[in-house]
Participant: 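Just passing along the structure, written as structure tokens.
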There are 2 protein chains.
Amino acid sequence: MKAEILIVDDDPQIRSVLRIALGQAGHSVTEAGDGAEGLAKARSGRFDLIVLDIGLPEMDGLALCRALRTTDQTPVVFLTARQDEIDRVLGFELGGDDYVTKPFSPRELVARIGAILKRSGPQVQPSLARGVLKLDPDRHMCTVQDRPVTLTAREMEILAHLMAHPDRVSARPALTDALYGRNGGVSDRTLDSHLRNLRAKLAQAGCDDAIETVHGIGIRMGPCTA
Amino acid sequence: MKAEILIVDDDPQIRSVLRIALGQAGHSVTEAGDGAEGLAKARSGRFDLIVLDIGLPEMDGLALCRALRTTDQTPVVFLTARQDEIDRVLGFELGGDDYVTKPFSPRELVARIGAILKRSGPQVQPSLARGVLKLDPDRHMCTVQDRPVTLTAREMEILAHLMAHPDRVSARPALTDALYGRNGGVSDRTLDSHLRNLRAKLAQAGCDDAIETVHGIGIRMGPCTA
DNA sequence: GCTGCTCTGCACATCTTGTGCACAAGGGGT
DNA sequence: ACCCCTTGTGCACAAGATGTGCAGAGCAGC
């Protein structure tokens, strides 16, 4: 069971321990050092599981989870130094899938993560695909009908997010939040610009129905025919 | 999230604590006092989750789980007095879904069980359907005979509200209240306009009996034939 | 200097709401 | 029974509100 895992913790040492332990178990690991960065990466939607420290400065883990859950159901494992039962129960009620207190055994954490991944099912797809359109965020590659399309960083982020939620309409605020964090807002027109460029590139590659707009609601993936 | 839960533990006191805690959470509880009885009941296959003590006399919990896993994938939560990490990792590798050490907090255990049930349970989709008509507010999609019908935001709101109360006549004031808030009143004619557009779109898609009006009373769903 | 990101302002498209009127349904009077 | 009146409903059209697409220019990083 190989998975993409996001670690959100402000302590580099803990991140290091987790990266090594999870890496040895065959998982790919991405790190974030604070809540805003974590939320932005989490919202890209390409992770199979998120390890989340509750005791983050600024945006704490519970708040991050609450924000994430408005648009996403990625499994979350909470990590904390606190022993409080209240926090635990609260964590679960916010949609957490497990709760581990520091100090923890790396092997046990890996085992717990394995149990959750097993449960959350084989819906694990390392690279995203829909119709003639394929996208591999790790390799920074996008193809239409197996022919490469060069995308900029932002364009890829946007497309990855849309493809991670294929049959869901993403509201514009949710999309900008996903890209820039909840209050690192950019103008709506900016998103339009990127969408325009994206559509143009995909259309030139032969796919002109990849990105649909639902008036008054948001953006969603289309059928992606040739 | 209501579930059938089997508790296997030789300590009547622990069984009692669990029965009460899980019962208060809305679950149905069945008990078994030893491994043989537990395995027999577990194999009946009617449980959504099994709480399993590792320290059972005769057949211990790990052996029981191993035996069960040959035929069954019911989620298992291990319960134990031992602190050994080895046991924990072994428990997960045998297919356990969580591992809780005594003494444990009943509330936390209930929360953990809730988290597992949420993952393993049949993913209920909030999609509404009636006759040939289907509507999925999340995807913002509506189909008649599996062919898509494009609706505007308001139209979808109205249809969703009607389909949420299929066999009830919704009074016009109740409908406008639901859409605009109790005193954010709009004209009755406005609702008419939307209903008219809705009926037209659905009729063109082949369903001309979806929305019925009961003179002097209000609006209700029709049979939705083709 | 080049590339990509972001913002601004405007044009355009779509949706929402309101209006006036025609039509239908039911109730009470004759 | 009949007719007329009241009330409720359907419809076409128009104006207003909102959302979206687009081109161009400033800015920052490599």
Side-chain angles (χ1 to χ4, degrees), chain A residues 40 44 137 140-142 149-162 169-181 183-204 208-222, chain B residues 137 140-142 148-162 169-181 183-204 207-222:
Chain A
S44 75
H140 203 272
M141 291 253 294
C142 173
V149 179
T150 61
L151 299 182
T152 70
R154 284 287 184 220
E155 289 161 4
M156 179 141 313
E157 278 185 89
I158 294 172
L159 189 55
H161 186 87
L162 289 176
V169 179
S170 304
R172 277 154 186 275
L175 264 176
T176 54
D177 282 1
L179 297 175
Y180 309 96
N183 37 11
V186 299
S187 155
D188 259 23
R189 306 292 116 240
T190 300
L191 186 60
D192 281 334
S193 294
H194 291 303
L195 286 176
R196 172 179 172 274
N197 296 333
L198 245 180
R199 279 194 251 243
K201 285 182 180 178
L202 295 178
Q204 189 175 13
D208 59 357
D209 58 357
I211 299 176
E212 293 179 347
T213 138
V214 184
H215 192 102
I217 309 292
I219 315 287
R220 79 166 159 219
M221 292 300 293
Chain B
H140 203 270
M141 292 252 294
C142 173
V149 179
T150 63
L151 300 182
T152 71
R154 283 284 184 227
E155 289 161 5
M156 183 144 306
E157 278 186 88
I158 295 172
L159 188 55
H161 186 87
L162 289 175
V169 179
S170 302
R172 277 155 186 275
L175 265 176
T176 53
D177 282 0
L179 297 175
Y180 306 97
N183 39 8
V186 299
S187 154
D188 257 24
R189 305 294 112 232
T190 300
L191 186 59
D192 281 334
S193 293
H194 292 305
L195 286 175
R196 172 183 172 274
N197 295 333
L198 246 179
R199 280 193 250 245
K201 286 182 180 177
L202 295 178
Q204 189 175 15
C207 178
D208 58 357
D209 58 357
I211 299 175
E212 294 178 347
T213 136
V214 184
H215 194 99
I217 309 292
I219 315 289
R220 77 163 160 222
M221 292 300 294

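In what follows, chains carry the letters A, B, and so on, assigned in the order in which the sequence lines appear, proteins first and then strands, with residues in each chain numbered from 1. Note that the coordinates shown come from a computational prediction; the quantities given were computed from them, not determined experimentally.
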Participant: Of His215(A) and Ser193(B), whose nearest nucleotide on DNA chain C comes first from the 5' end?
Facilitator: His215(A)
Participant: Can Asp192(A) and Arg172(A) be counted as an ion pair, charged N to O under 4.0 angstrom?
Facilitator: yes
Participant: Send over the distance from His194(A) NE2 to dA23(D) C1', rounded to a whole Å.
Facilitator: 15 Å
Participant: Among dC7(C), dT20(D), dT17(C), which nucleotide sits nearest the side chain of Ser187(A)?
Facilitator: dC7(C)
Participant: Mark yes when over 12 heavy atoms from residues, nucleotides or ligands other than Glu212(A) sit less than 6.0 Å from its CD; otherwise mark no.
Facilitator: yes
Participant: Tell me: CG of Leu191(B) to P of dT17(C), nearest whole Å?
Facilitator: 10 Å
Participant: Find the distance Glu212(A):CD to dT14(C):C1' and express it as a whole number of Å.
Facilitator: 16 Å
Participant: Between Ser170(A) and His161(A), what is the shortest heavy-atom contact and its length?
Facilitator: OG-CD2, 4.2 Å
Participant: Quick one: Leu179(A) CG to dC5(C) P, roughly how many Å, whole number?
Facilitator: 11 Å
Participant: Looking only at side-chain N and O atoms, does Tyr180(B) come under 4.0 Å of OP1 or OP2 in dT17(C)?
Facilitator: yes
Participant: Which part of the nucleic acid, if any, lies within reach of Thr190(A) when heavy atoms closer than 4.0 Å are counted: base, sugar-phosphate only, or nothing?
Facilitator: base
Participant: Among dG10(D), dG21(D), dC5(C), which nucleotide sits nearest the side chain of Arg172(B)?
Facilitator: dG10(D)
Participant: Return the value, rounded to whole Å, for the distance between atom CD1 of Ile217(A) and atom P of dC15(C).
Facilitator: 10 Å
Participant: Out of dT8(C), dA12(D), dT16(C), which has the shortest distance to the side chain of Arg196(B)?
Facilitator: dA12(D)
Participant: Which part of the nucleic acid, if any, lies within contact of Arg189(A), taking any heavy atom under 4.0 Å across all strands shown: a base, the sugar-phosphate backbone alone, or nothing?
Facilitator: base
Participant: To the nearest Å, give me how far apart CG (Asp192(B)) and P (dT19(C)) are.
Facilitator: 14 Å
Participant: Could you report the tightest heavy-atom contact between Leu179(B) and Arg154(B), atom names first, then the distance?
Facilitator: O-NH1, 3.9 Å
